[in-house]
Protein chains: 4
Amino acid sequence: MASKRTRARVHEAVLDLVADVGFTRLTMEGIAGRAGTGKQTLYRTWPSTAAIVFDALLARSETPEGTVSVPDTGDLEADLLLLVEETVQELTSPTTEPLLRAVTAAIQTDLELARQYRERLLEPQIAAVARRFDLAGAAEPAAAAELLLGPVLHRWLLRSGDFDREWMERHINRTLLGAHVS
Amino acid sequence: MASKRTRARVHEAVLDLVADVGFTRLTMEGIAGRAGTGKQTLYRTWPSTAAIVFDALLARSETPEGTVSVPDTGDLEADLLLLVEETVQELTSPTTEPLLRAVTAAIQTDLELARQYRERLLEPQIAAVARRFDLAGAAEPAAAAELLLGPVLHRWLLRSGDFDREWMERHINRTLLGAHVS
Amino acid sequence: MASKRTRARVHEAVLDLVADVGFTRLTMEGIAGRAGTGKQTLYRTWPSTAAIVFDALLARSETPEGTVSVPDTGDLEADLLLLVEETVQELTSPTTEPLLRAVTAAIQTDLELARQYRERLLEPQIAAVARRFDLAGAAEPAAAAELLLGPVLHRWLLRSGDFDREWMERHINRTLLGAHVS
Amino acid sequence: MASKRTRARVHEAVLDLVADVGFTRLTMEGIAGRAGTGKQTLYRTWPSTAAIVFDALLARSETPEGTVSVPDTGDLEADLLLLVEETVQELTSPTTEPLLRAVTAAIQTDLELARQYRERLLEPQIAAVARRFDLAGAAEPAAAAELLLGPVLHRWLLRSGDFDREWMERHINRTLLGAHVS
DNA sequence: AACTAACCGAGACGGTACGTCATGTCTTAGG
DNA sequence: CCTAAGACATGACGTACCGTCTCGGTTAGTT
């Protein structure tokens, strides 16, 4: 509903503000002020700050640097290492981490947002990874993708451990064994 | 800091309120009102609603029915199935699910709460599961526990799939393979 | 500036709305909506809701039933009684009372509206009444008109008393004495 | 409900603001800002800006310089001239005129405020004037007071004429005739 | 009959204020 | 002495209107 110009300015404002004051202190009024729009203009398009952050994230994911690509060199193990490295980078980059944590928190209570998150971010990613496993002859590619990414999410979400190179390599190894592909 | 009586009444109030109106509409004023205490009494002990919810959760986890026990019958596969079933029950029970989701959301932005969560809930649980894998001769028991629980968390958090019996069995199978224990 | 059709529809809308929700809740947006015009069309012709109400009142006063006529039967006392009765009816009729009160309130702060009110409604009325006193040989006809209508306005505006027949008769009596005409 | 301190600061703020920007631009937020209080503190005590202005006016009327006294020297005509002069001064003083106009406008639509206005300002004033007429032997003292003040209000409210000395004298004369007291 | 040009409805927009709710601090009664 | 009750300054909420500003889509008038 909002014009392209407005959307762009709102996205910029929201990213600035999350960087400045953090997601918890993000307010509709603050965004409107920073973006130079009226509050009603925001409410016309988004129901909450979380929805705006998610939209900014989506917009970013439609650009080249916003997507985690699944490499395919033939060497599955090497490809998965690259993939996990990229994913970890995304999850821990100072700009994206607060956004991702904010959205992850929000989808715990906002079912509509959760649906959009699943459809527009999660499922495409899982499907892409599964496709790579499929190519490698995995019996249950979707489960393999889950086995790969689940523990990564676990570590990140609960901050239960670092993502050093050794852990990633060993984890990929376990995943390949578990998924019957080597 | 608060008296045992007060704590109990606050815990009860908070559980009632989360059930009634959900975590997002939980407020310090509301809790004080329901618990029949002054606001100051709450602030003296807890810094936020999330902290109160977490405290209520902790209190619960110190009772028998609040803990997920790790069975040890000798049959690893069967034990893990029981464990995962219990875990899933905890994660999806109408009373605990909202609380767990609320705390999970809160620890994304509240580092102090995250630390307490890790130390008092997460690490004991992981350690217990790892011990069971250790008994079964797993090379890296902690990693095995992570491989088991990561994908469960992934499904639950992102609501990306159901927890039917078949999925649990196959998942345990993949975990055992991945962890070199069969 | 607005077409005759538009004016008519706006007048109708405004009268409906004042009846429905009262003057205080009258808004430009509401009028535009009810009249089926754009907001700009309103602003092109009227600066405020009060101005529209006043215009509707004026339009009404240009019709036969919108005017308080000054009777002239030769019997001054009887004529004044009729006049006061008519005036009171106008002031207290369910349709006109809210409009008149709204305009009376508005002219306290809106000087331009006050000027128009004076020139187009008040002065003609006073002049007509004064003419009647003049015919009856009053020394200061305008003052007599003021002496007659002032207390009526006072009662109405401050709601300080009813307009029963007895009061009206006695008041007219006092006015005639005060104006040296009997 | 509000403390004495708060009331005083609010009254001062409101008088300042009416002088600065006029009653029409008076807002609850503006008053709160100027008075250094929260909005809720205002709403706890007063329902509208008009109610605050009225309260400030009342507070003023409880001080010596806020009351129009009715002189009683024995010479009725001279006393009434003094009274009307004082009243006119009150009605046209740069500080009180905007307040009185604002309240007069407000009581057209706010019945509760109108009731308070009648009971606490209007009736005492009328009663005092009537008492003076009573002393002078008027048959209907209340009607006499109305006959005296009605036209004054009429001129002031509709801005239909100046209040010069000559008009006042003649008006008092007419009133005395009309009220049968000379 | 085709073609402007003026007008109008619709409503997005940057704003201001609304009246409410919750925050965290502070004061006050009463048990 | 402690605590419930709640006043207070603050600030955000989500809504309603403000007055200005584009938009298209008639609707007449002019060629």
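Naming convention: chains lettered A, B, ... in sequence-line order (proteins, then strands); numbering from 1 in each chain.
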Is there any salt bridge (Lys or Arg N to Asp or Glu O under 4.0 Å) pair reaching into residues 26-37 of chain C, and which pairs are they, with sequence neighbours excluded?
D16(C)-R34(C), D20(C)-R34(C), E29(C)-K39(C)
Separation of atom CG in L42(A) from atom P in dA12(E), rounded to whole Å:
14 Å
Ranking G38(D) and G36(B) by the position along DNA chain F of their nearest nucleotide, the one closer to 5' is G36(B)
Looking at T41(C), I'd like to know whether one of its side-chain N or O atoms comes within less than 4.0 Å of OP1 or OP2 on dG9(E).
yes
Please state how far atom CZ in R44(C) lies from atom P in dA10(E), giving the value in whole angstrom units.
14 Å
Decide, yes or no, whether a salt bridge links R115(A) with E112(A) under the criterion of side-chain N to carboxylate O below 4.0 Å.
yes
L157(D) CG to T104(D) OG1 distance, which is reported to the nearest 0.5 Å:
6.5 Å
Please determine which of L113(D), L100(D), V103(D), I31(D) meets the side-chain contact (heavy atoms from CB on, under 4.5 Å) test together with V53(D).
V103(D)
Donor-acceptor contact present, side-chain R159(A) to main-chain L111(B), <3.5 Å
no
With a 4.0 Å cut-off on heavy atoms, is R34(B) in touch with a base, just the backbone sugar-phosphate, or nothing at all?
nothing
Of the candidate nucleotides dG14(E), dA7(F), dC13(E), which contains the atom at the shortest distance from the side chain of R9(A)?
dG14(E)
Mind calculating the distance between CD1 (I31(C)) and C1' (dG19(F)) to the nearest angstrom?
14 Å
Return a single string for nucleotides 18-24 of chain E, one symbol per nucleotide in 5' to 3' order, where B is base contact, S is sugar-phosphate-only contact and - is none, cutoff 4.0 angstrom on heavy atoms.
BBBBSBB
R25(C) atom CZ, neighbour heavy-atom count above 12 within 6.0 Å
no
Output the rounded distance in Å from CZ (R5(A)) to P (dC23(F)).
12 Å
